[in-house]
Each structure stands twice: as structure tokens, then as C-alpha cells.
Amino acid sequence: MAKEVIIEEMPDLKKASRRNRRPTEFVLDEMVIPTQLKLLANGKKFFIRTYGCQANVLDSQNLEGILLEIGYVSCDDPLEADIVILNTCAIRENAEDKVFGEIGSLKQLKNKNKDSLICICGCMSQQPHIVEKIRKTYPQVDIIFGTHNINHLPQLIQKALETNSRIIEVYSKEGEVIEHIPCYRQDRFKAFVNIMFGCDKFCTYCIVPYTRGKQRSRKMEDILFECKNLVEEGYQEITLIGQNVNAYAKDLDLGYDFATLLVEVAKLGIPRLRFTTSHPWDFTEGMFKAMATYKNIMPAIHLPLQSGSDDVLRRMGRRYTSKEYMALVDKLREIVPNVAITTDIIVGFPNETDQDFEDTLNVVRYVKYDSAFTFIYSPRVGTPGANMKDEVSMETKHERFNRLVDTLAVDIKAKADAYIGKIVPVLVEGCSKKNTTRLTGYTDTLKLVNFVGNPEHVGKIVKVKINEAHTYSLIGEEVDE
């Protein structure tokens, strides 16, 4: 017999796109776990699979913190779990396809353990057509919740268990800032810290403003409190994250901005401080000067280009021109000469011409990126881009994509080759996945290094001499200086 579906709230993209001038509400969520739920969960196992960006990684750490507080214990096999959570990404179609494949495979879990719970959350859950598809096609899914109600997980679990029903609760709203949600960080050396949520840019290809809500910044004192605790716990690296970190605090009007925050976090003494992602529109010289002044702010910036064509940038709603982008890069390198710059580039935005694509290659050749994430445009339901007519064939898009990758690789390899013979600082993260006799870690400029070294130095910053360079990694050996 099919389970009853209890719909608390369905997602609504129109509602999610609204923006008002009301100030952000700050919620201190002192989570109280019902005793009955603790008894039901005691010793049972959970498994979380995370797709997508750093924001999802941090959301999963919050989910894990909540589940541990309820009384569940973590396991590595979804088929051994009593509760499985898939924390999803909606940025590309192939990411969604992977999730649907995983949901299908979880039928095995239900056959093995009929009392298990399968939960879908994250950005996919914020889209009405996705929720409708899961509801109708995948009866094994018990709970669907969104990005705005992670803190409701205990109540959702309890309701699903007590009523033996399927629960859908996805809020489509601008969102609050919720503090004090439990967080479990598996990485003991590197930590992500949210400084803001959501986005108000509404680039025409992007679903994030709809799935994550309006831009809302955390108060600086709350961020500094969290970072100070991480420093005291011995963390070696903090990455400040947000959909557009450079716009931090513009919604607060409290007299400080992202450059202020960078400086104040750097003063706490964290050995390595990073931030992502940046939007070219909101950069200030103050941010560059903070990087130049505080040596623990790493000289690495992710600066999405998306396209080098002014016409495509205009249709994307990016709010800058290619000339302005390149001028920003010039100013950055003038103030921080050793900076590494990475980027995102979309190939095949609707009706991209041959000249548009050549303009992109010209910017790529000018900037000489250290690395890049490249994508063939994937229309997202509900965004303006999805309604644009497109006369460019997929064959042309793939041909352009390959040319872009080849063009990028020239400078990426040259940048890597320049490290040969140099001694660089590397934060040791553990053993290499491909060769367990080597350690692995990243330089201050975010270059991956596999090297021969002392396993006792995991979690420490060591000196490594680079002996060999590949396009996307370096090979070396630990040295004493």
C-alpha cells in the first residue's frame, strides 16, 4: 500500500524570486531534540551523500551535526543505513541525473530495511518540477526538504516515523540567517565558514537566487566568533564562502564590508585564509590591499568570467564588460603580483556566435588562468536563459568546448612548469588517493601537490620542493629549510 503524502509546503519559483526591503531576520536556533526521537534513533545509522558546491558541503556538515545530536551514528554504506540523505545540486543537468540514478539504486535499501528513511534535500528540492517528479516516480523517497529548513530535520524525521507518511516541506522564501545549527566537521585542518547566503544578481543562466533566496549576510561578530573557535581548535585553513562574498554586508548597512571582514579574520592568526566565490562586479581595491598586507590571506582568487563576449555577458546579466574584467585582473596583479587566478567559463550560451566564442578565447589568452571550471550551457527550468531560442548545434558547442579546454591548458601547464625547482609551502591533507606512498596537499596558490614526505606531518604546513609538473598537479618531495 502506497504511503500517504503529507505536503507541508511545495516549492514555488515565483515566490522564491521575490525581493523586498525588509531587513533580514536573525534566528538563534537552540535545537531541542524530543526525547522520543532520541529513543527511536539511538544507535541507528545514517549516510549523507553531497553533490555540488562548498555551500552544500557545509550544509551536509550541519545535517550531520543534527543527526549526531539526535543519536544516529555515521556509516559509509548507504545500504547499511537507517536514514539516507542526498544533498543535491541543481547547477547542471548532469548533476541532477546522478541524483536520480542514486535514488533509483536506493530501492535496494527499502527492500532490505522497510523502516529506513530516504531523504532528498538541497537545491534540486527547491524546484517544483523536480519535487513533482520525485513524488510521482520515486515512492521510495520519504522526506523532501529544502535549503531553508535544514534546522527542521528532527521534526521531519519524527513525523515521517510516527505517521509512516511521505513528507514534503520546501519553503520558497527570501530566507533568514539561522545561527547555532549543530555542525560536524570531518576535516580537522580545513574549514568552510559561511559569511552570507543567497544571491540577488539573477544572472539569466543561474538557478541559485531561486534555490538559495535573497542575499543575506551574517553579522561580523558571529563570523569572528566561529573563526576564533576554529583557530583555537588548531585549524590551519579557513575558507569564507558565499555565492558572492565580495558583496558581503551590503545588505546590513553596519559600516563594514568584505575587506573589513577579511582583515579582522586574518588578525585572528589563522595560518591560511581563503574566500570564494567572487563576482567581478563587487570587487574593491580594499580587498586587494588586504590580501597584499596580510600574508595569511592566500594569493588565490576564483574570479568567474563566464564569457569574454560583451554581448553574451549582457544577455547573461553579468553587469561588466570584458574590458572591465581584464582591467580588474590587471589591478589585482599590480597589487598582489603572485596571485593565482581561477575561473568559470560557460560555452554555448544561447546563440553564442563564432565571434563571441573567439572573444572568450582572447580573454583567456590575456588573463592566463591557473585553472578553470568549464561547462557547456545547461538550461535551468525557471531561469530567463531557459526561454531563449538557441540556433547553435550541440556539435558546435562540443567543438568549442574542446578548443577552450585546449587553449586553457597551454597557460595552465606553463604556470605549473614555472614551479619546477621551487620550494613551496604545502598544507598536508593526507595520503594521495592514487598513490598511498605519497602525501598530498595544496600550495598557498591552490596548486595540488603529491609528494614524498613524513606522514606524521598530516595537518601541518611543510616545505616541498617541486621536481615535476603536470597540467593539473605537481610532484615533489618534502624538504627541511
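When reading the values below, keep in mind they use all heavy atoms of this one structure, side chains included, and skip hydrogens, waters and symmetry mates. Throughout, residue positions are numbered sequentially from 1 according to the sequence presented.
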Phe26 atom CZ, neighbour heavy-atom count above 12 within 6.0 Å: yes

Test Pro280 against every option in Val329, Leu303, Leu305 by the side chain to side chain contact (heavy atoms under 4.5 Å, CB included) rule and name the one that passes. Leu303

Is any NZ, NE, NH1 or NH2 atom of the basic residue among Glu285 and Lys289 found under 4.0 Å from an Asp or Glu carboxylate oxygen of the other? yes

With a 6.0 Å cut-off on the ring centroids, do Tyr210 and Phe202 count as close? yes

Residues, nucleotides or ligands: over 12 heavy atoms within 6.0 Å of Glu358 CD: yes

Asp282 with Arg319: basic N within carboxylate O range, under 4.0 Å: no

Step through it carefully: locate the ring centre of Tyr369, locate the ring centre of His302, and say whether they are under 6.0 Å apart. no

Taking only Lys NZ, Arg NE, NH1 and NH2, and the carboxylate oxygens of Asp or Glu, determine whether Arg49 and Glu102 approach each other closer than 4.0 Å. yes

So, do Ile85 and Phe47 sit near enough that their side-chain heavy atoms are less than 4.5 Å apart? no

Determine whether Cys121 and Val170 satisfy the following criterion, side-chain contact (heavy atoms from CB on, under 4.5 Å), listing intermediate values before the conclusion. CA-CA 9 Å; Cys121 66; Val170 182; over 6 Å; no

Check ion pair Lys219-Glu179 (N to O, under 4.0 angstrom): no

Beyond-backbone contact of Val84 with Leu117, side-chain heavy atoms, under 4.5 angstrom: no

Salt-bridged, Arg218 to Glu226, with N to O below 4.0 Å? yes

Please give me the minimum heavy-atom distance between Leu268 and Val231, naming the atom from each residue. O-CG1, 3.7 Å

What's the separation between atom CD1 in Ile301 and atom CG in Leu332, rounded to the nearest 0.5 Å? 4.5 Å

Between Thr443 and Thr445, a side-chain donor and acceptor under 3.5 Å: yes

What distance do Met316 atom CE and Leu313 atom CG have between them, rounded to the nearest 0.5 Å? 6.5 Å

Within the 3.5 Å criterion, strictly below it, is a donor on Asp330 or Tyr366 matched to an acceptor on the partner's side chain? yes

Taking Glu169 first and then Lys159, would you say they form a salt bridge - that is, a charged N and a carboxylate O separated by under 4.0 Å? no

Test item: Tyr472 side-chain N/O and Leu448 main-chain N/O as donor-acceptor pair under 3.5 Å: no

Regarding Lys173 and Glu176, does a basic nitrogen lie under 4.0 Å from an acidic carboxylate oxygen? yes

Nearest heavy-atom contact between Val265 and Leu240 is CG2-CD1, 4.4 Å

Test your reading of the model: is there a side-chain donor-acceptor pair from Thr396 to the backbone of Val392, 3.5 Å cut-off? no

Residue among Phe275, Phe283, Phe288 satisfying ring pair (Phe, Tyr, Trp, His ring centres under 6.0 Å) with Phe258: Phe275

If the threshold is 4.0 Å, N to carboxylate O, is there a salt bridge linking Asp370 and Lys447? yes

Hey, is the main chain of Ala249 close enough, under 3.5 Å, to the side chain of Ser217 for a donor-acceptor pair? yes

Nearest 0.5 Å please: distance from the CZ atom of Arg166 over to the CD1 atom of Ile168. 6.5 Å

A side-chain contact here means heavy atoms from C-beta on lying under 4.5 Å apart; do His148 and Ile178 qualify? no

Taking the side chain from Lys45 and the backbone from Asp82, do they hold a donor-acceptor pair closer than 3.5 Å? no

Can you find a side-chain donor-acceptor pair between Thr276 and Arg274 that sits under 3.5 Å? no

Donor-acceptor pair, side chain of Glu324 and main chain of Thr321, under 3.5 angstrom: yes

Any luck finding a side-chain donor-acceptor pair between Ser371 and Thr342 under 3.5 Å? no

Scan side-chain atoms only and decide if Asn87 and Ser60 contain a donor-acceptor pair under the 3.5 Å cut-off. yes

Closer than 3.5 angstrom, by distance alone: can the side chain of Glu174 be matched with the main-chain N or O of Asn20 as a donor-acceptor pair? yes

Any idea how Tyr325 and Tyr320 line up, ring-wise: parallel (<30°), tilted (30 to 60°), or perpendicular (>60°)? tilted

Using modelled atom types and a 3.5 Å cut-off, is there a donor and acceptor pairing between side-chain atoms of Gln243 and backbone atoms of Val208? no

What's the shortest heavy-atom distance between Ser125 and Pro11, and which atoms? O-CG, 3.7 Å

State whether a side-chain donor-acceptor pair under 3.5 Å links Ser322 with Asp310. yes

d(Tyr377 OH, Met394 CE) to nearest 0.5 Å is 11.0 Å

Any salt bridge between Glu96 and Arg380, counting N to O under 4.0 Å? yes

Polar side-chain atom of Asn56 near backbone of Tyr51 as donor-acceptor pair, under 3.5 Å: yes

Tell me whether Lys228 at atom NZ has more than 12 heavy atoms from other residues, nucleotides or ligands lying less than 6.0 Å away. no

Would you check if the side chain of Thr293 reaches a backbone N or O of Ala290 as a donor-acceptor pair within less than 3.5 Å? no

Treating Thr147 as the side-chain partner and Thr211 as the backbone partner, does any N or O pair qualify as donor plus acceptor under 3.5 Å? yes

Got more than 12 heavy atoms from elsewhere within 6.0 Å of CG, Asp77? yes

salt_bridge(Asp251, Lys214) N-O dist < 4.0 Å: no

Less than 4.5 Å apart, side chain to side chain, heavy atoms only: is that true for Pro271 and Gln236? yes

Does either side chain, that of Asp359 or that of Gln355, offer a donor lying less than 3.5 Å from an acceptor on the other one? yes

Taking every heavy atom of Val245 against every heavy atom of Met196, the minimum-distance pair comes out as CA-SD, 3.7 Å

Nearest non-hydrogen partners of Pro209 and Cys199, listed with the distance: CB-O, 3.5 Å

Counting neighbours of NZ on Lys250 that are heavy atoms of other residues, nucleotides or ligands and sit closer than 6.0 Å, is the number greater than 12? yes

Is there any salt bridge (Lys or Arg N to Asp or Glu O under 4.0 Å) pair reaching into residues 50-65, and which pairs are they, with sequence neighbours excluded? Asp59-Arg212

Taking only Lys NZ, Arg NE, NH1 and NH2, and the carboxylate oxygens of Asp or Glu, determine whether Lys15 and Glu9 approach each other closer than 4.0 Å. yes

Quick check: are there more than 12 heavy atoms from other residues, nucleotides or ligands sitting under 6.0 Å from CD of Glu221? yes

Measure the spacing between OG1 of Thr88 and NZ of Lys98 and express it to the nearest 0.5 Å. 13.5 Å

Ion pair Arg272/Asp444, N-O distance below 4.0 Å: no

Salt bridge check: are Asp311 and Arg314 linked by an N-O gap of less than 4.0 Å? yes

Between Tyr171 and His152, does a ring pair (Phe, Tyr, Trp, His ring centres under 6.0 Å) hold up when you go through it step by step? CA-CA 11 Å; Tyr171 298 150; His152 289 184; 5.6 Å; yes

Any side-chain donor paired with an acceptor under 3.5 Å for Asp356 and Ser309? yes

If you measure from CD1 on Ile118 to CG on Asp142, what distance do you get to the nearest 0.5 Å? 6.0 Å

